[in-house]
Amino acid sequence: MRNVVATPATRALARQKGVDLEALSAKLGRVAVASEDILGQSSASVFSTGSNYWDVDHARFGPISEDPLSRFAQAAARNLTASHATIPAVTHHDRADMTAVESLRVQFKSQAEARGTKLTALAFHIKALARTLEEFPRFNASLSSDMKTLILKNYVHIGIAVDTPMGLMVPVIRNADRMGLWAIADQIADLASRAQSQKVRSDEMGGASMSITNLGSIGGTAFTPIINPPEVAILGITRTEAVPVWNGETFIPIRMAPLDLSYDHRVINGADAARFVKRYADLVADPRRLLV
Amino acid sequence: MATRHADFLVLGAGPGGYAAAFRAADLGREVVLVDPRTALGGVCLNEGCIPSKTLLHAAKVLREVNDLADWGVTVGKPLINLDRLRQRKTAITQKLAGGLAGIANQRKVTVVKAFGRFTGESSLEIAGEDWTFGHAVVAVGSAAIRLPGWPEHARIWDSTIALELREIPPSLAIVGGGIVGLEMATIYSALGSDVTVIELSEQIVPAAEAEAARMVANALMARGIKIHTATAVLAVDARGDHLMLSCGGSFSGEIGASVVIQSIGRAALGGSIHADLAGVEVAGNGVIVVDRSGRTSNPKIYAVGDVTGAPMLAHRATHQGKIAAEAAAGHAAVLDTDIIPSVAYTDPELAWAGLTSGQAQAEGIPHKTISFPWSASGRNLASGGETGLTKLVYDPQTERLLGATLVGANAGELLAEIVLAMEMGATLTDIALTVHPHPTLSETIAFAAERALGTLTDL
């Protein structure tokens, strides 16, 4: 049964205009949606893809070619649009001292090779995130569909965003809180490679406590990741670089990873977000803290 | 021989096919409509919906005239001229088929009388000629399923033969108590046959509300039609001048009949067009797999109607046909509703749309039901109607209508209000506050809603 009440004519209009009725209904905060609600969506609205701004004959300006978006890409577009439009999101920027993590990677390198495991910084990030989520339960949660209840989760599953030829996929590492570093590293490698060849199973998708999107291997100083609903936050990481940090007397170079935590402000406020990221950064800066 | 090209080619001129063809023509496409029959309209017009409703009308009037004796108006035993009745049926179907031919002509649709079969991803062979196409719509329909292991016999009929009205058999056994079987029972019983219906499921019309099926069964039995449910035909002996059916189950024993009609369902004809050569996925049962716009696994080929599977109903085919034409023209067209009404044009009629209480129960959907008995309907009694029922299924929290079933005269006509109400998201209050005319059968729908709300003053 539909959760949205819309007449056949309204449904047809929504399809024509590329408006997602479920998302519009959620945005309006009511079940019944009328044609006026769809027409009232201005051209600048993020829902409307059939609006005047896009209805342009580009060939007038020069040669063009067309690349139809796959169904996967279209579905992703709808999900991202809905997320961006319905969640009041704020992004908190900070950075984590990666000195200890990088040192540990070097120390573990021969062990890693012997195991046949590729140990990346991401494994450490996931371990730190899993612990931080245990300590900040309201980040490991989802709003109920009527927005009246916060559902707190007694499990810690971490989604890892993987860039694949088909588009962005987010396979999930289940129970990352109970996994050791090697196990997490193996999972990352396995899921990422299977995501590339579209061999991730449906039970390995969905149900994450929170997702990580790591662009560190490519570059960047900061970005504003979009939350993956129904999660309440997402952690973005860009390139670790040596940055000058004032130690009271002089600037010293410290290798820092920029962190970008986008969060749902209906559930998390600025102070909580700042505390969450601070704790996360402290765990990364000194991984021994994960022992206690 | 030069290859011919069709911008928009439709295989099959039944309700799905001609809807797709004419809609595509209106959208500016150049259309070729291919069908092996001389007359357009497919099974529905020529050997299904229309002929059966014609004969059912005659059956109903015969029954009403007979009942009028209780009203002090005795007409005497009617004389049935089967040839004249058959001619009238044919005249009606021919008139409608002629109308379709006129529409095709007016819209400049090229009609080709032939079978078509695919030869490649955008090519077909039609009556020995090679064709290519821009888009194609497969609307080749379905055929009556024949029971396996049964002999070929001149007096073992399917519904098509039954509607030819070859004779009025003194005794008639109908295997399959679904809508088609019961309509055949209604026709032949009124014409004078002694009819027995044999149905495998626990109730006739298995998909309908149990209460409604029981009501229809009782009404048919009161008129002398025998009905055996939960019964299977184990063997058939066609050697004598009577056909002997050995039955097992709720009824065990022999049933003899001069004619047997098989009405156990229809099979999609997706396997008849070399679909594999066109890269079109067809399931094992002949059903062509499509998305909600009617697209098959070949993006240039659509499929609509019975060939896409259940429910095999003309009105679904028509909507699918239009949607396919629109989608092929680049519109965002989709059959976005699951509310497809069903009607058994028996006497009394049985009609339903949306959820039955059985379905809601099975799917764990919270629901309540409310009924209004037609024994309390002024119009029904005044019209000589018998038992009848209006039953609504609704969401207990929002009061929105989830489904409805109607039993009684004109149930099929009355159902349209229900379907519109559901599509518009109407609640019981919406229906109760809408002024329905009195005295009508339609007001029983408002009465049922009022009864649920506690505002009814007619019961």
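Each chain gets a letter, A, B and so on, in the order the sequences are listed, and its residues count up from 1. Values below: every heavy atom of this structure, side chains too, minus hydrogens, waters and symmetry copies.
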### E363(B) atom CD, over 12 foreign heavy atoms within 6.0 Å
yes
### Query
Step by step, would you call R11(A) with V334(B) a side-chain contact (heavy atoms from CB on, under 4.5 Å)?
CA-CA 10 Å; R11(A) 296 186 324 245; V334(B) 154; over 6 Å; no
### Message
Surrounding CD of E134(A) (heavy atoms of other residues, nucleotides or ligands, distance under 6.0 Å), is the total greater than 12?
### Response
yes
### Task
Indicate yes or no: at least one non-hydrogen side-chain atom of R400(B) is less than 4.5 angstrom from one of V5(A).
yes
### Message
Are more than 12 heavy atoms, taken from residues, nucleotides or ligands other than E30(B), located less than 6.0 Å from that residue's CD atom?
### Response
no
### Task
Please examine the side chains of R15(A) and H331(B), heavy atoms only from C-beta on, and report whether any two atoms are closer than 4.5 Å.
no
#### Entry: Any M424(B) side-chain heavy atom under 4.5 Å of T10(A) side chain
no
### Message
For K368(B), is the NZ atom crowded, meaning more than 12 foreign heavy atoms sit under 6.0 Å from it?
### Response
no
